[in-house]
Amino acid sequence: QVQLVESGGGLVQAGGSLRLSCATSGRTFMSDVMAWFRQAPGKEREFVAAIAWIGAGINADSVEGRFTISRDNAKNTVYLQMNSLKPEDTAVYYCAADRRFRPVDVKGYEYWGQGTQVTVSS
């Protein structure tokens, strides 16, 4: 059974940092594009960052310079380091995976985690 399980969310003050983790299981995701999306109340799910099996990650403009996506294929885990957090970063953050290369398209991902809540207070 394929599973993506996020962790690391929580409550943090503006300007603070959090590190999200996404542990995968059920098959190897080494060749997959891995990504983070987020969804705030009343808004559509939006792209945050993605990383292919090799190479640098890509970020949404809203998080460029503050968030960094990385992956450890040996541990089957993807990370999202979030620095300089802002109240507008408050959302449920989802991990996603797919073998196709459609990194910013929410419809481009077959597998999703259950999400982890990130709340940034002002």
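The existence of a salt bridge linking K107 and D98 is excluded, since no basic side-chain nitrogen approaches an acidic carboxylate oxygen closer than 4.0 Å. Checked for salt-bridge contact, R100 and D32 miss the test: no charged N lies under 4.0 Å from a carboxylate O.
The shortest side-chain heavy-atom distance between F67 and V48 falls under the 4.5 Å cut-off.
Proximity of a side-chain donor or acceptor of T24 to a complementary backbone N or O of N76 within less than 3.5 Å is detected. For Q81 (side chain) and R19 (main-chain N/O), no donor-acceptor pair under 3.5 Å exists by modelled atom type. Put simply, the side chain of T90 gets close to the backbone of V120: a donor and an acceptor are under 3.5 Å apart.
Here Q117 contributes atom CD and E6 contributes atom CD; the two are 12.0 Å apart, rounded to the nearest 0.5 Å. Rounded to the nearest 0.5 angstrom, E110 CD and W112 CH2 are separated by 12.0 Å.
Taking the centre of each ring, F37 and Y94 stay at or above the 6.0 Å mark.
For the residue pair S17 / N83, a side-chain donor-acceptor distance below 3.5 Å is found, with atom types taken as modelled.
With respect to T116, the side-chain contact (heavy atoms from CB on, under 4.5 Å) criterion is satisfied by exactly one of L20, V92, V5: L20.
Under the 4.5 Å side-chain heavy-atom criterion for ILVMFWY residues, no single connected hydrophobic cluster contains both I58 and L80.
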